[in-house]
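No experiment lies behind these values; they were computed from the predicted model shown. No hydrogens, no waters, no symmetry mates; every other heavy atom, side chains included, goes into these values.
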Amino acid sequence: MKRVRFAPSPTGYLHLGNARTALFNYLFAKHEGATFILRIEDTDLERSKKEYEEMLMEDLKWMGIDWDEGPDKGGPHGPYRQSERLEIYQKYVDKLLKSGYAYYCYCSEEELEKEREKAIAEGRPYRYSGKCRNLTPEERADYEAKGIKPVIRFKVPDKTVVFEDIIRGHVEIDTKEFGDFVIVRQDGMPVYNFVVVIDDALMGITHVIRGEDHLSNTPKQIVIYEALGFNIPQFAHLPIILGEDRTKLSKRHGAVSVRALKDDGFLSEAVFNYLSLLGWHPKDEREILSKEEIIKQFRIQDVNKSPAIFDRTKLRWMNGVYIREILDLEELTKRAIEFFEGFGYKADFEYYKKVMEAIRDSIETLMDIKERAKVFFVDEFPFSQEIKEEVKSDPNFYKVVEIFYQKIKDLHSITKEDFKNITKEIQKEYGFKGKGLFHPLRVALTGESSGVGLDILVEVIGIERVKFRLKRFLEYFG
């Protein structure tokens with residue numbers, strides 16, 4: 001049975017790079033019929049926070065990613081938080097110490113810094129000298145007597161670590177490049193490269209799918225697997241995600257967390273669809289695909305090893321397609337309510353629905369509601385200086401609005417058809433047409449020079465608000 005995992009650290013919001021890693025693990029699991037595990041790597045006790053863990057899970061679920069085993073669901077290989085697995089790690093630390101694959105290191109920061117400086121001066125990469133590798137029991141006792149707290153280092157064998165990466169192909173790394181590394185800190189807390197091996201081995205992980213920034217960790221982890229006699233999983237290192245300027249994705253590129261995209265009005269389906277195309281593409285080259293279609297076509301070996309480019313403009317376009325063409329109006333309205341209310345636009349569900357129907361073709365994210373929906377909610381809007389001068393210089397401007405008001409002041413309702421018929425009458429009776437007719441009406445009804453179709457606007461806001469706005473214009477300029 002194939003088993004994969006996503007193992008985030010709860011030290012902040014879910015970054016898009018991590019979200020893409022979670023997504024590719026999920027897609028692999030669904031395509032292959034594998035088990036998908038969520039594991040929380042919270043050994044960084046200072047930075048890890050419970051609220052971040054909860055938000056990580058919320059954001060994954062919002063994206064449409066679920067898991068089979070995890071801290072909230074349990075499972076046969078728990079606990080699924082590293083902070084709850086310390087006794088397990090200690091058992092394997094003892095095993096490595098006993099077998100001679102690990103040793104206590106008492107070197108001070110000052111000593112290590114001198115080693116680093118010497119390596120730099122000699123123009124070679126730094127690796128720990130191995131000074132404490134073969135301490136005698138007496139030398140260890142002397143350090144202990146002085147109260148020096150040791151770290152525990154893994155005794156790295158001299159060899160070339162070779163593995164076949166599913167995405168990157170054949171990889172060879174000489175252990176001379178990194179030397180003996182720390183597996184337990186002075187405070188007794190085990191470090192990432194050690195605990196991740198124990199967790200993946202005991203949880204039966206068969207495929208480790210993660211970002212290429214972990215590529216340098218893989219040989220360190222493989223030598224630990226070998227020392228403990230564990231089965232080594234297959235590795236797949238995903239390409240890095242860059243911004244449009246080809247630099248590493250960061251806050252300067254705008255929202256780079258799933259939470260920020262959600263708050264910016266992106267739909268979960270569009271984010272799922274878009275992130276799946278960062279480093280992978282379907283055989284038929286289509287870009288708009290359902291979750292089911294992506295799962296059916298996804299193969300981890302088809303992932304490209306070149307960096308993926310996060311293009312916000314393209315994500316906005318894709319989100320617009322989901323708003324306009326894919327999401328059902330009822331569902332779209334439900335998701336839009338918090339945005340309407342956040343902008344201070346208060347109404348009942350049916351009114352929100354009418355507004356969404358009117359504006360959905362002109363928005364790309366739900367944040368666009370703020371400007372696009374304003375004309376449906378704000379009756380008392382300002383008139384710009386430019387408009388004031390326009391009304392003043394064109395006597396027909398005021399006249400058109402006055403004629404239209406006289407035509408509708410006794411009506412009890414107004415539809416799109418009513419609006420079209422009345423404007424046709426005005427064209428026929430007074431000769432006003434085109435911009436000369438519709439521009440004054442738009443200004444009177446919205447305070448703007450462009451926007452939603454006036455026939456749609458009047459039908460949605462209703463006759464009383466139409467009269468109010470026209471009367472307000474006439475009084476203001478009269």
Any [X] side-chain heavy atom under 4.5 Å of [Y] side chain:
| X | Y | result |
| --- | --- | --- |
| D264 | K262 | no |
| F6 | Y26 | no |
| E58 | W62 | no |
| I40 | Q82 | no |
| Y345 | V355 | no |

Run the ring-centre check on [X] versus [Y] and record whether the distance is less than 6.0 Å.
| X | Y | answer |
| --- | --- | --- |
| F397 | F477 | no |
| F298 | H281 | no |
| Y351 | F377 | yes |

Answer yes if the side chains of [X] and [Y] hold a donor-acceptor pair under 3.5 Å, and no otherwise.
| X | Y | result |
| --- | --- | --- |
| D418 | T415 | yes |
| H31 | Q297 | no |
| S83 | D42 | yes |
| Y274 | D311 | no |
| D72 | Y80 | no |

For the pair N319 and E364, evaluate side-chain hydrogen bond (donor to acceptor under 3.5 Å, both in side chains) and give the outcome as yes or no after the intermediate values. CA-CA 6 Å; N319 202 67; E364 289 188 318; over 6 Å; no
Determine whether R81 and E53 satisfy the following criterion, salt bridge (charged side-chain N to carboxylate O under 4.0 Å, His left out), listing intermediate values before the conclusion. CA-CA 10 Å; R81 289 185 190 91; E53 179 188 315; 2.9 Å; yes
Minimum heavy-atom distance [X]-[Y], with the two atoms named:
| X | Y | answer |
| --- | --- | --- |
| H412 | I463 | O-CG2, 3.2 Å |
| L56 | S9 | CD1-O, 4.1 Å |
| F419 | I414 | N-CG1, 4.4 Å |
| F24 | L238 | CD2-CD2, 3.5 Å |
| H15 | L249 | NE2-O, 3.8 Å |
| M318 | A270 | SD-O, 3.8 Å |

Check whether any side-chain N or O of [X] sits under 3.5 Å from a backbone N or O of [Y] as a donor-acceptor pair, and report yes or no.
| X | Y | answer |
| --- | --- | --- |
| R20 | L278 | yes |
| T206 | P233 | no |
| K467 | K409 | yes |
| S276 | N273 | yes |
| K49 | T11 | no |
| R3 | M203 | yes |
| E41 | Y192 | no |
| T247 | G243 | no |
| K291 | G64 | yes |
| R465 | F376 | yes |

Step-by-step side-chain contact (heavy atoms from CB on, under 4.5 Å) determination, V171 to V161: CA-CA 8 Å; V171 179; V161 178; over 6 Å; no
What's the spacing between [X] [atom1] and [Y] [atom2] if we round to 0.5 Å?
| X | Y | atom1 | atom2 | result |
| --- | --- | --- | --- | --- |
| R259 | D59 | CZ | CG | 4.0 Å |
| H237 | I209 | NE2 | CD1 | 11.0 Å |
| L215 | D165 | CG | CG | 6.5 Å |
| Y430 | N396 | OH | CG | 12.0 Å |
| F473 | L441 | CZ | CG | 9.0 Å |
| R360 | S362 | CZ | OG | 11.0 Å |

Set out, in order, the CA-CA distance, both residues' side-chain angles and the distance that settles side-chain hydrogen bond (donor to acceptor under 3.5 Å, both in side chains) for T43 and R185, then state yes or no. CA-CA 11 Å; T43 52; R185 299 186 195 102; 5.0 Å; no
Check the pair R39, D199 against salt bridge (charged side-chain N to carboxylate O under 4.0 Å, His left out), reporting the backbone distance first and the verdict last. CA-CA 9 Å; R39 185 174 73 228; D199 290 343; 3.5 Å; yes
Between E425 and K407, is the salt bridge (charged side-chain N to carboxylate O under 4.0 Å, His left out) condition met? List the steps. CA-CA 9 Å; E425 279 179 28; K407 295 267 186 190; 3.0 Å; yes
Heavy atoms from other residues, nucleotides or ligands near [atom1] of [X] exceed 12 (cutoff 6.0 Å):
| X | atom1 | answer |
| --- | --- | --- |
| Q301 | CD | yes |
| D328 | CG | yes |
| K30 | NZ | no |

Look at [X] together with [Y] and state whether they make a salt bridge at an N to O cut-off of under 4.0 Å.
| X | Y | result |
| --- | --- | --- |
| R324 | D361 | no |
| E331 | R335 | yes |
| K392 | E389 | no |
| E212 | K305 | no |

Should the ring pair F28 and H207 be called parallel, tilted or perpendicular, given that the plane angle runs from 0 to 90° and is split at 30 and 60?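 The rings of F28 and H207 sit tilted, inter-plane angle from 30° to 60°.
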Step by step, would you call K388 with Y476 a side-chain hydrogen bond (donor to acceptor under 3.5 Å, both in side chains)? CA-CA 10 Å; K388 289 175 187 175; Y476 187 91; 3.3 Å; yes
Please determine whether salt bridge (charged side-chain N to carboxylate O under 4.0 Å, His left out) holds for the pair R442 and E448, giving the CA-CA distance in whole Å, both sets of side-chain angles, and the decisive distance to 0.1 Å. CA-CA 7 Å; R442 179 174 296 284; E448 305 289 342; over 6 Å; no
Run E172 and H170 through side-chain hydrogen bond (donor to acceptor under 3.5 Å, both in side chains) and show every step you take. CA-CA 7 Å; E172 292 187 13; H170 188 73; 2.8 Å; yes
